2 protein chains.
Amino acid sequence: MSEPNLKDINELITTEFAKTVEMFGLTPSEARLFAILYLEGEPMTLDEMGEALGKSKTSMSTGIRSLLELNLVERVWKKGERKDLYRADENLYKKFMNAFIHKWMDATNRQKHSLEQIETVLSQNGSNLPGAADPKEVNDLNARLKDMIAFHQLLETAFKKIKPANSVSIDQKLNS
Amino acid sequence: MSEPNLKDINELITTEFAKTVEMFGLTPSEARLFAILYLEGEPMTLDEMGEALGKSKTSMSTGIRSLLELNLVERVWKKGERKDLYRADENLYKKFMNAFIHKWMDATNRQKHSLEQIETVLSQNGSNLPGAADPKEVNDLNARLKDMIAFHQLLETAFKKIKPANSVSIDQKLNS
DNA sequence: TTTTTCGTACAGTTTAAACTGAACAAACTT
DNA sequence: AAGTTTGTTCAGTTTAAACTGTACGAAAAA
């Protein structure tokens, strides 16, 4: 292999880091945009991002909006600069985890509640349900429901375990 | 709202549960297939799944393969049955977590190693890199790399925290 | 004021994913 | 043996996502 140049190395890092970011549910495009932004360190304009990724400014605009909604990126103000500037926040790790843990916990909780509500309906309307050929069918369904709810409960507990706020601060870990 | 029938309730449960499953990176189709399968409880054939979801058998075949590869579903043998039977495993929760925790940990580890390798290259080829306008540029890049590697380390630690203690064993299967 | 520079909305296009039906091989039934 | 049944491969289609360029409003510059 010939001598690596800086461009190639940046490319490699971006690709690897983007893979990790994708694990959190971001699309490849969003992940790559975030990786570029984080690797750059300095706040970037839409034009710079488009240049770096070889895509249109429109595409960058929508991409950035997604990242903003996820709180993974923030808009930055700079004196004398007309263009919008965005950067991957300094406090990256905590912010990153927080964004997704919370998102997942909220979703899990919401779905758990839905299931519990269904469980209530099912137990109230008890046996006189139209479409139930067999009381056993209702029983089985109830059992499954309970299992699902328990599953959601376990998920919540698991998420809680890795939620930064509960554990030792990430900054402290970094300095250990 | 008029009296709910069993069909509607099943529909609701499936939809809610599928949402949760989607959080783990499954496509909506895969998630729904899994939800149907789990809710049914009994092993199902491809035809039954297709019927339940209103999709072709071909589609079910590919969908089931995905779930099999994720170890979320297993093939079941039944005496006198020619068709393949699949079911969402009894030991669902543990299996589910295991599948994804391992997958994520492996991926994280792989990407961390890649970054560490890049870090090595960067420190060896030190300052004489073509394309580097500024030695500060290389320093900054190095700092970012270290941050990314630390991030991956933290992710690994977090995953480890929620990993079920023991992986799925034959004994568990036998006693289920 | 007019002109330029931004960011975004929108319509249209390109690209990728999901899905289907026909065809086929393997296994089973008769 | 011939005829079914079953799962999967493959080619083609449908559907959804990503992306682009034009157009336009808002804000800054001239």
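So you know, we letter chains A, B, ... as the sequences are listed, proteins then strands, and number each from 1. What you see is a predicted model; the values in this text were computed from it and never measured.
- The residue T27(A) sits close only to the backbone: its heavy atoms come under 4.0 Å of sugar-phosphate atoms, none of a base.
- The closest donor-acceptor contact from the side chain of R144(A) to the backbone of Y38(B) lies under 3.5 Å.
- Listed in residue order, the members of residues 75-84 of chain A having a heavy atom less than 4.0 Å from DNA chain D are R82(A).
- In this structure a side-chain-to-backbone donor-acceptor pair under 3.5 Å is missing from E16(A) to I13(A).
- Within residues 45-60 of chain A, the residues approached by DNA chain D to less than 4.0 Å at the level of any non-hydrogen atom are G54(A), K55(A), S56(A), T58(A), S59(A), in residue-number order.
- Between R32(B) and dA18(C), a side-chain N or O to OP1/OP2 separation shorter than 4.0 Å is absent.
- Contact of the L37(A) side chain with the L72(A) side chain is not registered, since no non-hydrogen atoms from C-beta on lie closer than 4.5 Å.
- Here dA18(D) presents its P atom at 13 Å from CG of L67(A), a figure rounded to the nearest Å.
- Counting only distance, with no hydrogens or angles, the side chain of S59(A) and the backbone of K55(A) share no donor-acceptor pair below 3.5 Å.
- Here dT6(D) presents its P atom at 17 Å from CD1 of I64(B), a figure rounded to the nearest Å.
- Using a 4.0 Å cut-off, some side-chain N or O of S29(B) falls inside it from OP1 or OP2 of dC19(C).
- Judged purely by distance below 3.5 Å, without hydrogens or angles, the side chains of H113(B) and N109(B) pair a donor atom with an acceptor atom.
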| task | Begin from the C-alpha positions of F24(A) and F34(A) and carry the test side chain to side chain contact (heavy atoms under 4.5 Å, CB included) through to its verdict. | result | CA-CA 12 Å; F24(A) 288 82; F34(A) 180 81; over 6 Å; no
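- Ion pairing between a basic and an acidic side chain is recognised when a charged N comes within 4.0 Å of a carboxylate O; E119(A) and K146(A) show such pairing.
- Side chains of T20(B) and Q111(A): a donor on one and an acceptor on the other come within 3.5 Å.
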